[in-house]
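Everything on this sheet refers to the single structure shown next.
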Protein chains: 2
Amino acid sequence: MSLTHAILTSLLERPCTGAELARRFDKSLGYFWQATHQQIYRELGAMERDGLVAARGLPSTRGQQRHFEVLEAGTAELLDWCGGQGEPRPIRDELMVRIRASAVLGTVDVTRELRRHQGLHEETLQRYQLIDAKDFPPAVNRSAADELQRAVLQAGIAFERSWLAWCAQTLHDLSHAAQQP
Amino acid sequence: MSLTHAILTSLLERPCTGAELARRFDKSLGYFWQATHQQIYRELGAMERDGLVAARGLPSTRGQQRHFEVLEAGTAELLDWCGGQGEPRPIRDELMVRIRASAVLGTVDVTRELRRHQGLHEETLQRYQLIDAKDFPPAVNRSAADELQRAVLQAGIAFERSWLAWCAQTLHDLSHAAQQP
DNA sequence: TAAGTCATGTAACGAGTTACATGATTGA
DNA sequence: TCAATCATGTAACTCGTTACATGACTTA
């Protein structure tokens, strides 16, 4: 499961608490994997049981901070998984279902929702571009690790651009469609 | 939930059995929403209980074909949902986690997996383009419904192209990265 | 009539979401 | 000390996947 490996990766970069992990998933990790704090605590619990990570100090108590770090077995697990394979996920987007539904219903206007998505993707793109400018200033020769980190962000940027181009094209095509079927 | 509405949409286009629905999800519906036959039967059962769809003839029996059609309440539900809003889903891709993991581990080569994905996206793109050529031959003035149907397919095509461009760029960047961090 | 296939269905589990609860810490 | 906030945690539910089971139909 990828959440385990995303957590291992983040903890390897720097050990931290569950809440800090949740914050990272809201920020930099968020553009390629998401998780709520409930998922994270549940997963951390399972990983602790399995001996992949360990909390420094106290046993599990409400309200008490617990700093997690990756154990050897955790690194081994990540290494093993990282060299493996996984299939790409096809799109699964509600907006597409709405569009198909409106095609069969014939009476619903989806252009409003389309424009709204356009705005949302606009915002996301700007956010990603800001991170890109801040974290990856122009350089002649980046390290392999930097290049890999940047690649993930670039994927996010590419997708947002792709969405925006599609939104614009679709709005254009729809405005030129025949009024009567 | 979108599966309900995807099923309603497909049944409105043409009533059919659960197995036929599963086949449609494997084909044309599949490029924007996926579902296995188990999910579909479960959902059809729930929708039948809720009075959104009805099976012509027999009560539920193993092995016996059951043709479903949309009831008025089903059309009403779809109409209502279709005019609503939904947030775009951020990417959640295993490959991205692998890349980030390999960045922190430093010893795993992901270019092999990257190239494999490139091939897979190549195939998917070709499949979509074939559907496009077959279902939407060049026309001066398409109906709104056709334009909407085509928009969904175009989104799939745009994404595959985006993936391919990203794969190529990333492989290029990685080959030029500094050998020593 | 036996083998193979098709349509339907059940069971169990894993992943993700939503709502809520409780102990610790901070600062007015 | 009271309120607000933070970190952690529980419970219940939905969605999705995997594995398997069974009745009907086809055809060799």
Side-chain angles (χ1 to χ4, degrees), chain A residues 1-8 10-11 15-26 29-30 32-50 53-68 81 86-94 97, chain B residues 1-8 10-11 15-26 29-30 32-50 53-68 81 86-94 97:
Chain A
M1 203 253 305
S2 294
L3 179 54
T4 309
H5 303 106
I7 290 177
L8 284 172
S10 192
L11 284 181
C16 66
T17 67
E20 168 64 19
L21 265 178
R23 258 177 261 118
R24 291 188 199 168
F25 272 97
D26 273 347
L29 291 178
F32 63 96
W33 204 268
Q34 302 81 44
T36 60
H37 83 266
Q38 291 89 339
Q39 259 185 291
I40 292 166
Y41 284 121
R42 194 205 305 182
E43 200 60 31
L44 278 174
M47 293 165 75
E48 193 178 12
R49 273 201 313 280
D50 296 347
V53 299
R56 266 185 307 206
L58 332 142
S60 183
T61 333
R62 274 178 201 269
Q64 204 67 260
Q65 275 201 352
R66 309 183 70 221
H67 282 261
F68 285 91
W81 174 84
E87 300 319 300
R89 292 210 189 174
I91 341 174
R92 194 177 236 179
D93 198 293
E94 220 177 272
V97 182
Chain B
M1 204 251 308
S2 295
L3 179 54
T4 308
H5 304 105
I7 290 177
L8 285 172
S10 192
L11 284 181
C16 67
T17 66
E20 167 64 19
L21 265 178
R23 259 177 260 119
R24 291 189 199 167
F25 272 97
D26 272 347
L29 290 178
F32 63 94
W33 203 269
Q34 301 81 42
T36 61
H37 83 265
Q38 291 89 340
Q39 257 185 293
I40 290 165
Y41 285 121
R42 194 204 303 182
E43 200 62 29
L44 278 174
M47 290 164 76
E48 194 179 11
R49 273 201 315 280
D50 296 349
V53 298
R56 266 185 307 206
L58 332 141
S60 183
T61 332
R62 274 179 200 267
Q64 204 67 261
Q65 275 201 352
R66 310 183 69 221
H67 282 261
F68 285 91
W81 174 83
E87 299 320 300
R89 291 210 188 173
I91 340 174
R92 195 178 237 179
D93 197 292
E94 220 177 274
V97 182

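Numbers restart at 1 for each chain; the letters A, B, ... are given by sequence-line order, proteins then strands.
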Closest listed nucleotide, where the reference is the side chain of B:Arg42 and the choices are C:dA12, C:dG16, D:dA7: C:dA12
Pull out every protein N or O sitting under 3.5 Å from an N or O of nucleotides 19-21 of chain C, one pair per line with the distance.
| from | atom 1 | to | atom 2 | distance (Å) |
| --- | --- | --- | --- | --- |
| C:dA19 | N6 | A:Gln38 | NE2 | 2.9 |
| C:dA21 | N3 | A:Arg62 | NH1 | 3.0 |

In Å and rounded to the nearest 0.5 Å, what is the CZ to CG distance from A:Phe68 to A:Leu8? 12.0 Å
As a test of reading the structure: which of C:dT8, D:dG16, C:dT25 is closest to the side chain of B:Arg66, going by heavy atoms? C:dT8
note: B:Phe25, atom CZ; D:dC15, atom P; distance rounded to Å ~ 14 Å
Taking atom P of D:dT17 as reference, at what distance in whole Å does atom CD of A:Glu87 sit? 14 Å
Integer-rounded Å distance: D:dG16 P and B:Ile40 CD1: 11 Å
Name the closest nucleotide to the B:Gln65 side chain, picking from D:dA24, D:dT8, C:dA7. C:dA7
So among A:Arg24, A:His5, A:Glu20, which one has a side chain to side chain donor-acceptor pair (under 3.5 Å) with A:Ser10? A:Arg24
Protein-nucleotide distance (A:Glu94, atom CD; C:dT17, atom P), rounded to Å: 13 Å
Rounded distance (Å) that lies between atom P of C:dC13 and atom CE of A:Met1: 17 Å
Using atom CD of B:Gln64 as one end and atom P of D:dA24 as the other, report the distance to the nearest whole Å. 6 Å
Starting the side chain at C-beta, find the nucleotide from D:dT8, D:dG16, C:dA7 nearest to A:Tyr41. D:dT8
Any heavy-atom pair between the side chains of A:Thr4 and A:Asp50 that's under 4.5 Å? no
Rounded to the nearest 0.5 Å, what's the gap from CH2 on B:Trp33 to CD1 on B:Ile7? Could you check? 11.0 Å
Could you tell me the separation between the CG atom of A:Leu21 and the CG atom of A:Asp26, rounded to the nearest 0.5 Å? 11.5 Å
Value rounded to 0.5 Å, distance of CE in B:Met47 from CD1 in B:Ile40: 10.5 Å
Rounded to the Å, how far apart are B:Trp33 CH2 and D:dC15 C1'? 10 Å
Listed nucleotide nearest any side-chain atom of B:Leu3, set C:dG16, D:dG16, D:dC25: D:dG16
Without decimals, in angstroms, what is the distance between B:Arg92 CZ and C:dG14 C1'? 13 Å
Upstream residue (5' side of DNA chain C) when B:Arg23 and A:Thr36 are each assigned their closest nucleotide: B:Arg23
To the nearest 0.5 Å, what is the distance between CD on B:Gln34 and CG on B:Leu3? 10.5 Å
